[in-house]
Structure formats: C-alpha cells, structure tokens
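To keep things clear, I will list the structure first and then write my remarks on it.
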There are 2 protein chains.
Amino acid sequence: MSASIKNINDIIHGRLRLGVMAYLSTASPVSFPELLKVTEATNGNLSTHLTKLETAGFIHQEKGYKGKRPQTLVHLTDEGRSAWIEYLKAMRLMLDI
Amino acid sequence: MSASIKNINDIIHGRLRLGVMAYLSTASPVSFPELLKVTEATNGNLSTHLTKLETAGFIHQEKGYKGKRPQTLVHLTDEGRSAWIEYLKAMRLMLDI
DNA sequence: ATTTTTAGTTTGTTTTTCAAACTAGTTTGC
DNA sequence: GCAAACTAGTTTGAAAAACAAACTAAAAAT
C-alpha cells in the first residue's frame, strides 16, 4: 500500500513534537526559550515532549549556562535527522505531495 | 510564523484518521470493510475514529444494505474535502515540501 | 440446526496530552 | 540589601485520546 500510515513515526507525528522537529531540522541547536516562542507551547508541555524526543534519541538536551542563567540547548541528533527524513518521505507518500 | 503547528487540524492529524482522510480523498465513498483493510485498524478503533470524523463534519456514514447485509458507506463531505486541502497546505508549509 | 463469518458498537484500560503548580536561581527597583 | 518580579525549567495531577477486547445482531455455510 502506498499510503501506509504504518510508516508514520508516532514520536515525530505528535503535533507539538512535529513543530519542534520541523524547527530543529532547519536550526540546531536552539535554546529552550526560543522553542517556547516558536511552538507557542507552555513550559511544562514543551519540557515533557522534549524528554520524549530525547528518550527516542532524536534530540539531545545540552544543559549549560548563558552567563549565570541556566540554558538548555536542544540539538537534533543524527538519528533524529534520519528519522525526520524518513518521516518526510512517509508523509509525502501518504499525502501524495 | 511560517511553520505554525497551529494550522494543523488535530482532528485530521491523528494517525488513523489521517489514513482515512488520505484514502477518502482519492476514493469516496468507501465501505467500512475496505477502510478496515487499508488502515489495518481494528473494528472498534476504526468505528470510534469514524464517529469523530463524522462529528467534525468531515465524513458522512451512510448506513445501508448490500444485499441483505448491512453496509456502511463512508463519504467525504464537502467540508471534509476543504479541511483536507487546508491540512495539506498547512503540512506543506510546515514540512517545507 | 449449529457453527462460522460479516458488520459493526460499546466499554474499560492504557497512553498521551496538557497546563497549573512548584523549584531554583537571577535581576531589578526602591 | 532585601523584597518583588522575572527567567528557566520540572513535576504532577487531571482531562482527553487511543486502543483492542468483548459484545450485539444478523447472514451464510456446513
């Protein structure tokens, strides 16, 4: 079947996580606050979904400091980039675009 | 923001419902059993999601008979087609494809 | 006539999503 | 210098969604 939903990665497909991945695919690393802005998510929600993406191995959260303030930099991993490319392929097929 | 996840219709975006809508966009009406086959969903799951799509006004379930057996034909509504087109637009933008 | 198959729906559990509340430290205003 | 407000997140509990097992109901097959 050409339009198989089986090939859609559910970790990436979730609405907020999709936004994060799409953004990271063009800009990585990105700070937590910047992701907050572009996704318009709440802190808690973003935090949870980043954890999920990290557990899946698609991103890495680098905990550091910017001056004296803590700052988390979110990196797209190689695995994440591969998964993203696969996701795009699957969606193109499914959506016929 | 160009890649806003806000524009992604959540009713359509759900994995199984996305499969249903994608299929219906190229073939409507379609019988319940055929949808079962192409989506590889369980009956209960498909039934639930069709109800959700119908409540949203995106499909219509025509309950009729094929010979003596009951047969549900699932139609994409005009509203459903519009929503699908919007969804495609939003995804193209988001995925940059 | 009993078993199997078709065509679904209902229901209860599991998973996911979400945002309010919380922690911890920093900067700013008085 | 200290109280208030802000930054940067995490934890947690409630609500929603997903899922499949169990059920209903009728037809077809044996």
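No experiment lies behind these values; they were computed from the predicted model shown. Just so it is clear: chains get the letters A, B, ... in the order the sequence lines come, proteins before strands, and each one is counted from 1.
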Take atom [atom1] of [X] and atom [atom2] of [N], then tell me their distance rounded to the nearest Å.
X	N	atom1	atom2	result
A:L53	C:dT17	CG	P	10 Å
B:E34	C:dT6	CD	C1'	16 Å
B:F32	C:dT6	CZ	C1'	11 Å
B:R15	C:dT17	CZ	C1'	17 Å
A:H13	C:dT15	NE2	C1'	16 Å
A:E40	C:dT17	CD	P	19 Å
A:Y65	C:dT27	OH	P	12 Å
B:N43	C:dT6	CG	C1'	9 Å

Answer yes or no: does a side-chain N or O of [X] lie under 4.0 Å from OP1 or OP2 of [N]?
X	N	value
B:K66	C:dG8	no
A:T72	D:dG9	yes
A:R17	C:dT16	no

State whether a side-chain donor-acceptor pair under 3.5 Å links B:N9 with B:H13. no
Relative to the 5' end of DNA chain C, which residue comes earlier, B:K63 or A:T42, by the nucleotide with the nearest heavy atom? B:K63
Between B:R15 and A:I8, is there a donor-acceptor pair closer than 3.5 Å when you use the side chain of the first and the backbone of the second? yes
Counting only heavy atoms not in B:D10, do more than 12 sit closer than 6.0 Å to its CG atom? yes
Can we say B:K89 and B:E86 salt-bridge, meaning some charged N sits less than 4.0 Å from an Asp/Glu carboxylate O? yes
Closest non-hydrogen contact found for A:R81 with A:S25 is NH1-O, 3.6 Å
Restricting to non-hydrogen atoms, name the atom on A:L76 and the atom on A:F58 that form the minimum distance, rounded to 0.1 Å. CD1-O, 3.5 Å
Residues from residues 44-52 of chain A sitting under 4.0 Å of DNA chain C, heavy atoms only? A:G44, A:N45, A:T48, A:H49, A:K52
Let me check something: do B:V38 and B:L24 share a hydrophobic cluster, defined by ILVMFWY side-chain heavy atoms less than 4.5 Å apart, either directly or through other members? yes
